[in-house]
Each structure stands twice: as C-alpha cells, then as structure tokens.
Protein chains: 2
Amino acid sequence: MTGDEGPGTAGVNPHRLWLGDPRPRRGRRPAYSREAITAAAVALADAEGLEAVTMRRVAARVGAGVMSLYSYAPDKETLLELMVDHVSGELSPPGPPTGDWRADLKAVAHLQRAHMLRHPWLPAALATHRTPGPRALAFLEHALAVLRPTGLDGGTKLEIFAQLTAFVTGHVAHEIARAPASRSSARAEAEARYLAAVAADGRHPELAEALASPGRPLTPEATFTRFLDRLVDGLDSH
Amino acid sequence: MTGDEGPGTAGVNPHRLWLGDPRPRRGRRPAYSREAITAAAVALADAEGLEAVTMRRVAARVGAGVMSLYSYAPDKETLLELMVDHVSGELSPPGPPTGDWRADLKAVAHLQRAHMLRHPWLPAALATHRTPGPRALAFLEHALAVLRPTGLDGGTKLEIFAQLTAFVTGHVAHEIARAPASRSSARAEAEARYLAAVAADGRHPELAEALASPGRPLTPEATFTRFLDRLVDGLDSH
DNA sequence: CTCCATTCCCGTACGCTGTACTGGAATGAG
DNA sequence: CTCATTCCAGTACAGCGTACGGGAATGGAG
C-alpha cells in the first residue's frame, strides 16, 4: 500500500483497487500518481468544498489532462473513495489502548470529530457507503483493539464501531451546518425570524416556550461530549 | 399551509417559502401546484432514488414543461426542501405524550427510522442542513411535548431532538447501505473476499479475530433498539 | 364589448458535468 | 530496428440546472 500505484487499476472490481498492482514491465511510464491526484482532490475539497471537486478542476491542479485521471481511478465515485481513505491517514491513534476501554473509545470518537471538522466534506462523502481502504482499516484495527477488554464478540464490536461512527458523522454534519462560516448572518437571521413567526402563530406552544427559555448555550464540543458519554457509558461489556 | 400555493413563490428568501402567499387577483391561473410537483418528485425518488430526481424528469411526470417548475420552486435545492417536508407529513405522532418521556422518545425515534426506511433517500437529503417546514415543525412540536416532563430548558430539548435525529439518520444510512436491495450479491461477495484477504495478511489481527467470531447476527431493528435504549436511558431529566 | 396590465407556460440556449472513444507518444523487450 | 504494450489527452456527447424572453391566458377597467 504505497499509495503510489500507477494506472492500470481501472478494473471492474472496486475492491481490487486497494490490492496492490505490480507495475507492468513494458510501456510508457506513468507521469502522475494516484496519490498525487487524490491529494489534489482533497486539497480542492478542503479549500472549496466537495462540489468544487470536478474531474476538470482536479486535473488542472495536477497539471494533467482530464481524461488522464481515468487511468488512475475508474470513475469519480472511486476518486471520492480514494479521498476518504487518503485523509483517514491522519487518524493515527495516540497510542496503544490503555485498558480503560470506555475512555479509549471516547478518545476514538473525539479523534473522528476533530478529523471531520478539519475536512468538513467528510460527512457528506461518507453519507453513501464506502468500503474501507487500508488507512481506514488501520484505524478500525485500533478501535477493535480498544474494545478487546469488553470481551464482546466480533460482530458486536464491529457494530459498535459503525454506530459510533454514524453518531459522530451525524453530530458533525449538524455542527457544520450550524457553524457561522457556513451561514451568512443574513440567512441565520432570516431563519430566526421565520421560527419566531411560527412560534408566534399560536399553534406551536411547545416551540414557542422552547425558544423563550434557551438556557445557557453550550459549545458544540460540550454537547458532543455529553451525548458521547451517554452513549459509551451505556454500553456494557459482555 | 394548504400545500396548494401556486407560482409566485420564487422570492429570494427561502423562509418566505413556507409563509403563505395570497393568490394574485389577476393573470393566468396556475395549471399545476406546488403540492403536485413535490409529490411527483417524491414518487420519483421513492422509485428510483434521489439521483433520478432531475427537473426534466419531474416535469415529465407532472406533464409540465421543465421551466414551469421554476414558478413553483426557485431552484432544485428548494424542491428538495419541499420534498423533505412533504414526506414529513407521514410522521404523525401516534397520540399525545403518555408522560413516560423515555418511552415516548424511543417511539419518536422508531417512527423516524421507519419513515426513513420508507424513503431511503431521506438520509442523503438530510445530509445538508435544511430549515424545517410546517410538517417537520409539527413533528418537532410533538417531540418537545414528549420532553416536557423532563423540565429541561428549551435549548437542551432542541439539542436532544437534533442529536436523536442525527443518530437515527446515521443509523439508517448505514442500515440502507447494508441492505440486500442496495447490494448486488456480487458486490457483497467481493467486499467479503477483500476483507478476508486483508484479515489474512497478518497485519490486522484484531480484524481477523473479529471476523472469525461473528457472534449471532442481530436484526437491524434489534441493533437499533439496543443503541437507542442506551442513548435515551442515559439522558437525565435534571 | 375592448383594452391591457398581470400572471403563467415553456421552447430555446448556455455553460457545466462525467466519461466514451481514439489516435498519437513514449517505453522496454526481442 | 521493430513492435507490442502502456499511458496521455483532445474531441465529442448526452445530460444536468437554469437564464431569458416571447406567447398565451386571465380578470379588472373603460
């Protein structure tokens, strides 16, 4: 898994994608690399969002012709898959499990949250299911190690990880949507006015009261921690 | 909120969308309705998925010209918003809260899950944030009523509902991805073989063991209930 | 009734997308 | 050198969302 495989990976089977392909012995040498193309696509998504990732713009960033990309990934869907796995490399666990699996699992979730906040396009990209690449599998390996002390069977451990990831994804998607950067103040104001108007129409007494008693606002981080703790502390080992 | 508003709603402010617009007194009478167009789009999404919902195909289903749709919704993004709210109408609460708010809240989540399974495009459509329309607000009103016995402040109640929805959305997205209908057996087989190959490479001992001890497989419903119970039972009404 | 401002319908057109096709350039083996 | 192999990328096409604008319908005013 050097991440530097050249073309020739445009096979039908997407899973063959992750299994190394020995470089052919003859013919022209590749001018680019899957790694470089993926990195360019990630940079584009980080800077301008997922919808800015078009084959043309990625190619331009790499300095290649548009159609050349198709030698490195059979289609755009696969390029997205490569992007997800590429950034998964940043998810390096802080160290071996401590034995306190609840604390470790919470740390895993916090890592995932920070990771998704760093790449705000990730929740959307993960919305459609993708098979985990090598780097994502490395992180899964860590999560499973964390869960070892629970003594749970393999299916349950995998399920816990999937649920935890789904939870984090959902939370971060929501958090991003509420983030100031993604909301022009004009829009936020308009929405507030809309909700106030609905609350004032008399047919939504609960909403009116909820909006009237906001309580002290928590940071997204605090909210995340609170719900995460609930979820993890509720898991029992056996 | 009759859902039968005619054209003329193409204002800049999307929130004005939900506030009724009195029919103009002069001029040609609308030939279609926002409701009919939305229903056609929903039917299309139900039958062939979100990516089948194009302006052209929706127009064809309604029997209208493509550009006519833009008299009823300013753009496709708004049409999606209308679709989400349209199906939210199916989320009618089974009755007033019983007073057992934990049980009621779990029922709310189960309703949401069934709803999303009925419209598998919903998780993807909800991935980008949307402001709740009248039907979604009616359901929110119910959820807030359910939470009344907790005595929590409004902000927390809203947060709980958002988190619960995020949790359900994440779970269902995952569930749908794993569903047989969305996975050709060939693909599922290929993925299984890929994972087995990775597990056999010696560098993923935890994964290898997890795959070797699957445990008894649970239905998605059972898994959902288990995690939901953890989450809800962990909430305190302080 | 006629006249006309108003309102809506929708054909045409444009720029953008993902990608199939294909011919040409580079490479290493025999 | 010759040639099969491999990769690069220009051209082209169908399909997308939607801006524009002319024509058709409508109801109030005279």
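First the proteins, then the strands, lettered A, B, ... as listed; each starts at 1. Please read these numbers as outputs of a predicted model, since none were measured by experiment.
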Nearest non-hydrogen partners of V53(B) and A41(B), listed with the distance
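Distance-wise, the nearest heavy atoms are CG2-O, 3.7 Å.
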In terms of the nearest nucleotide of DNA chain D, which residue is placed more toward the 5' end: R29(B) or M67(B)?
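The 5'-side residue here is M67(B).
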Of R56(B) and R26(B), whose nearest nucleotide on DNA chain D comes first from the 5' end?
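This one resolves to R56(B).
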Provide, to the nearest angstrom, the distance between the [atom1] atom belonging to [X] and the [atom2] atom belonging to [N].
X	N	atom1	atom2	result
K76(B)	dA19(D)	NZ	C1'	18 Å
L69(B)	dG17(D)	CG	C1'	11 Å
Y70(B)	dA19(D)	OH	C1'	10 Å
D75(A)	dA20(C)	CG	C1'	13 Å
M55(B)	dA19(D)	CE	P	10 Å
L50(A)	dG18(C)	CG	P	12 Å
Y72(A)	dA9(D)	OH	C1'	12 Å

Could you check whether A59(B) gets within reach of a base, just the sugar-phosphate, or nothing at all, counting any heavy atom under 4.0 Å?
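No contact at all - A59(B) keeps every heavy atom at 4.0 Å or more from the nucleic acid.
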Which nucleotide in [options] has an atom nearest any side-chain atom of [X]:
X	options	value
P30(A)	dC9(C), dT19(C), dC7(D)	dC7(D)
S68(B)	dG27(D), dC8(C), dC10(C)	dC10(C)
V66(B)	dT18(D), dC8(D), dG27(D)	dT18(D)
R28(B)	dC8(D), dT26(D), dG17(D)	dT26(D)

Between T78(B) and D75(B), do the side chains contain a donor N or O and an acceptor N or O under 3.5 Å apart?
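Note: D75(B) and T78(B) side chains meet the donor-acceptor criterion.
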May I ask you to verify if any side-chain N or O of S71(B) is less than 4.0 angstrom from the OP1 or OP2 atom of dT7(C)?
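Checking S71(B) against dT7(C): no side-chain N or O falls below 4.0 Å of OP1 or OP2.
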Is the shortest side-chain N/O distance from Y32(B) to OP1 or OP2 of dC10(C) below 4.0 Å?
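Y32(B) to dC10(C) OP1/OP2: side-chain N or O found under 4.0 Å.
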Any salt bridge between R135(B) and E35(B), counting N to O under 4.0 Å?
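Counted as a salt bridge, because a side-chain N and a carboxylate O are separated by less than 4.0 Å.
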Nearest-0.5 Å distance that lies between atom CG in L228(B) and atom CD in E221(B):
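These two atoms lie 10.0 Å from each other.
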First of G27(A) and G27(B) reached from the 5' end of DNA chain C, by closest nucleotide
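Comparing both residues, the 5'-ward one is G27(B).
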Between H119(B) and H115(B), what is the ring plane arrangement, given parallel below 30°, perpendicular above 60°, and tilted in between?
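Geometry flag for H115(B) against H119(B): perpendicular rings.
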